[in-house]
Amino acid sequence: MTTPLGRALAEHAAAAASLESAASEMDALVACAIATLRSGGKLLLLGNGGSAALCQHLVAELVVRFRRERAPLAAMALVADGAILTAAANDLSFDTVYARQVEALARPGDLVLGVSASGESENVLRAMAAARARGCPTAALLGGNGGRLRSAVDIAVVVPITQVSLVQECHLVLGHFLCDEIEKAITDGR
């Protein structure tokens with residue numbers, strides 16, 4: 001492929017092909033999410049920047065629908081409340097904006113899912129510590145080598161590339177896969 005678009009598409013295809021290396025971790029995340037929802041728990045998603053937007057997108061897919069008509073699923077994007085985020089950042093620190101919400105909203109058995117291209121986001125790290133303290137399973141979609149978050153969560157799904165835009169695109173693919181597998185399990189009863 002010699003056109004700029006062709007070269008970009010080849011780069012994206014190579015990034016997508018790298019996701020196969022995370023198949024067992026994705027299977028674990030899917031199983032944990034399904035078990036959480038079936039037991040009456042909820043999914044709490046959080047991240048920064050483009051990862052925050054992805055969290056909101058995935059929660060919309062879960063609460064409304066992805067591909068199938070079904071009952072809504074219990075999911076929340078902790079990135080979505082501007083008043084809470086700015087109050088916590090102003091009154092406490094930006095490093096605590098998600099941990100504070102996890103402390104308020106998470107119940108034992110809820111799944112807390114962080115999204116971070118670098119794996120180094122302090123506010124996501126603190127949220128995972130808060131989740132573990134509350135008895136919640138933790139997971140993360142990460143990039144590169146997974147950063148500090150890789151060892152701070154129960155399930156780390158790492159996209160083994162470092163270009164942030166490609167990591168974010170791969171996170172969208174993984175997120176849609178997660179939503180699809182959850183829907184299949186919920187609607188098909190598997």
Side-chain angles (χ1 to χ4, degrees), residues 10-36 41-59 61-62 75-79 85 93-103 106 109-182:
E11 183 179 50
H12 294 285
S18 76
L19 298 179
E20 186 67 28
S21 66
S24 63
E25 293 83 0
M26 264 319 284
D27 289 345
L29 175 55
V30 166
C32 185
I34 292 167
T36 297
K42 61 189 169 297
L43 310 182
L44 301 171
L45 283 71
L46 52 101
N48 299 296
S51 299
L54 176 63
C55 291
Q56 289 182 289
H57 176 84
L58 297 178
V59 165
E61 304 287 24
L62 294 167
M76 299 174 64
L78 301 185
V79 306
L85 291 175
S93 80
F94 192 71
D95 290 342
T96 66
V97 296
Y98 296 131
R100 189 70 169 186
Q101 291 181 77
V102 168
E103 291 166 356
D110 290 345
L111 171 60
V112 179
L113 173 60
V115 183
S116 174
S118 69
E120 294 293 334
S121 302
E122 185 63 31
N123 56 5
V124 179
L125 282 157
R126 290 188 186 198
M128 295 306 156
R132 283 188 162 172
R134 297 195 64 74
C136 299
T138 58
L141 299 179
L142 306 166
N145 66 7
R148 292 181 294 156
L149 272 163
R150 184 179 201 145
S151 62
V153 296
D154 301 314
I155 304 166
V157 180
V158 181
V159 176
I161 54 180
T162 57
Q163 186 177 329
V164 172
S165 60
L166 291 175
V167 172
Q168 290 173 330
E169 290 171 18
C170 289
H171 284 172
L172 176 60
V173 170
L174 294 171
H176 278 170
F177 174 77
L178 176 64
C179 291
D180 197 34
E181 291 298 301
I182 290 170

Determine, step by step, whether L172 and H57 satisfy the side chain to side chain contact (heavy atoms under 4.5 Å, CB included) criterion, reporting the C-alpha distance in whole Å, the side-chain angles of both residues, the deciding distance to 0.1 Å, and the verdict.
CA-CA 9 Å; L172 176 60; H57 176 84; 3.8 Å; yes

Worked check of side chain to side chain contact (heavy atoms under 4.5 Å, CB included) between M76 and V59
CA-CA 6 Å; M76 299 174 64; V59 165; 5.6 Å; no

If you round to the nearest 0.5 Å, how far is [atom2] of [Y] from [atom1] of [X]?
X: E61; Y: H176; atom1: CD; atom2: NE2; value: 4.5 Å
X: L141; Y: L54; atom1: CG; atom2: CG; value: 7.0 Å
X: Q101; Y: N123; atom1: CD; atom2: CG; value: 10.5 Å
X: L45; Y: L62; atom1: CG; atom2: CG; value: 7.5 Å
X: D95; Y: S121; atom1: CG; atom2: OG; value: 10.0 Å
X: I155; Y: L113; atom1: CD1; atom2: CG; value: 9.0 Å

Compare all side-chain heavy atoms of [X] with those of [Y] and state whether any distance is below 4.5 angstrom.
X: V158; Y: E25; result: no
X: F94; Y: N48; result: yes
X: E181; Y: D27; result: no
X: L44; Y: Y98; result: no
X: H171; Y: V157; result: no
X: R150; Y: L142; result: yes
X: V124; Y: L149; result: yes

For side chain to side chain contact (heavy atoms under 4.5 Å, CB included), just list the numbers for L19 and V159, CA-CA rounded to whole Å, side-chain angles, deciding distance to a tenth of an Å, and then say yes or no.
CA-CA 6 Å; L19 298 179; V159 176; 3.7 Å; yes

Residue R126 excluded, over 12 heavy atoms near CZ under 6.0 Å
yes

Give me the atom names and distance for the closest heavy-atom approach of [X] to [Y].
X: L85; Y: V79; value: CD1-O, 3.1 Å
X: G143; Y: V167; value: CA-CG1, 3.8 Å
X: T138; Y: A131; value: CG2-CB, 3.6 Å
X: C170; Y: A15; value: SG-O, 3.6 Å
X: V164; Y: A117; value: CG1-CB, 4.0 Å
X: C136; Y: D110; value: CB-O, 3.0 Å

Partner of I34 by side chain to side chain contact (heavy atoms under 4.5 Å, CB included), out of L111, I182, L178, L29:
I182

Output yes when R132 and D154 qualify as a salt bridge under the 4.0 Å nitrogen-oxygen rule, no when they do not.
yes

Checking the side chain of E169 only, and the main-chain atoms of H12 only, is there a donor and an acceptor separated by less than 3.5 Å?
no

Classify the side-chain pair S116/S51 by whether it contains a donor and acceptor separated by less than 3.5 Å.
no

